Structures are given as structure tokens and as C-alpha cells.
Amino acid sequence: MEERCSRTRVFYMEGLVYDGKINFLGWTLKKNNGAQTKIYGKTNQIISQRLTEEAQNLINKLFSRYKLQKGWFRIEFLINFRKDSIVMTNVNVGRDGGGMF
């Protein structure tokens with residue numbers, strides 16, 4: 001697993017906001033062919049807890065600033081496993097993500 005995730009990859013954090021409360025469902029991996037794979041149960045094997053918490057903190061700041069009360073979200077992140085870094089690159093709000101169901 002470590003070898004496959006030793007470079008920068010695209011992941012989506014998915015979830016929903018209801019009555020202003022953010023509910024994180026988990027990560028979805030974007031594969032090279034454009035397909036997506038849910039990795040909710042395997043997150044800690046692939047993405048460190050620190051990076052997951054950093055992503056959730058960024059999402060909390062974003063939604064608190066705009067006072068989102070209700071809606072699905074799917075937020076794209078670039079994760080660089082060599083540098084142990086994460087960057088938010090795209091925000092989709094108001095619809096469910098492709099990997100949710």
C-alpha cells in the first residue's frame with residue numbers, strides 16, 4: 001500500500017451538512033481512469049489521521065464562514081504522500097458525490 005501511495009493523488013472528502021452541523025462520511029479515491037472508489041473503512045491505512053483532521057478543519061472553516069445550513073458536499077484534495085501535505089483544490093456543495101452510494 002505504501003508504494004502505491006508514495007506520490008500525489010486526488011481524493012475527495014464527502015459528507016453532508018444538516019442544521020449547520022457537518023457530518024463527514026469519508027474519503028473517496030479518484031483513480032487514473034477517472035473512476036472513484038470509496039475507501040471509508042480503509043482510510044487510516046491510506047491517509048494519515050493528521051491529514052484527515054487537517055482536511056476536516058479546512059472544511060469546518062470554509063462552511064462556518066459561509067454559514068452553510070444544509071447540503072451534501074464533495075471536496076477535492078491533492079494529497080502528497082512524500083511531503084505529508086494536503087491542498088484543497090475544488091469544492092462541490094449541494095449535491096451528493098459519485099462515491100457516496
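Just so you know, these numbers come straight off a predicted model, no measurement behind them.
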If we only count heavy atoms from C-beta on, is the [X] to [Y] side-chain gap below 4.5 Å?
{"X": "Ile47", "Y": "Phe11", "value": "yes"}
{"X": "Leu58", "Y": "Phe63", "value": "no"}
{"X": "Val10", "Y": "Phe77", "value": "no"}
{"X": "Asp84", "Y": "Ser48", "value": "yes"}

Shortest non-hydrogen contact between [X] and [Y], atoms and distance:
{"X": "Phe73", "Y": "Leu16", "answer": "CE2-N, 3.3 Å"}
{"X": "Phe81", "Y": "Arg7", "answer": "CD1-O, 3.1 Å"}
{"X": "Met88", "Y": "Val91", "answer": "SD-CG2, 3.8 Å"}
{"X": "Ile86", "Y": "Leu51", "answer": "CD1-O, 3.8 Å"}

* Using side chain to side chain contact (heavy atoms under 4.5 Å, CB included) as the criterion, list what pairs up with Val87, not counting sequence neighbours. =>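 Applying side chain to side chain contact (heavy atoms under 4.5 Å, CB included) to Val87 gives Thr89.
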
* From Asn90 atom CG to Arg74 atom CZ, the distance as rounded to the nearest 0.5 Å ->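 CZ of Arg74 is found 9.5 Å from CG of Asn90.
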
* To the nearest 0.5 Å, how far apart are CG in Leu68 and CD1 in Ile59? ->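 Nearest 0.5 Å value for the CG-CD1 distance: 11.5 Å.
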
* **Residue pairs, two or more places apart or on separate chains, that pass side-chain hydrogen bond (donor to acceptor under 3.5 Å, both in side chains) and touch residues 54-67** =>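 As it turns out, the side-chain hydrogen bond (donor to acceptor under 3.5 Å, both in side chains) pairs with a partner in residues 54-67, which skip direct neighbours, are Arg50-Glu54.
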
* Asked: Can you name the one residue among Val17, Leu25, Asn23 that meets side chain to side chain contact (heavy atoms under 4.5 Å, CB included) with Trp72?
  ->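 When side chain to side chain contact (heavy atoms under 4.5 Å, CB included) is applied between Trp72 and each of Val17, Leu25, Asn23, only Leu25 qualifies.
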
* Given side chain to side chain contact (heavy atoms under 4.5 Å, CB included), test Tyr12 with Ile75 step by step and report yes or no. => CA-CA 5 Å; Tyr12 302 99; Ile75 300 178; over 6 Å; no

* Asked: Does any N or O in the side chain of Asp19 come within less than 3.5 Å of the main-chain N or O of Lys21, such that one atom is a donor and the other an acceptor?
  ->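 Side chain of Asp19 to backbone of Lys21: no pair is present.
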
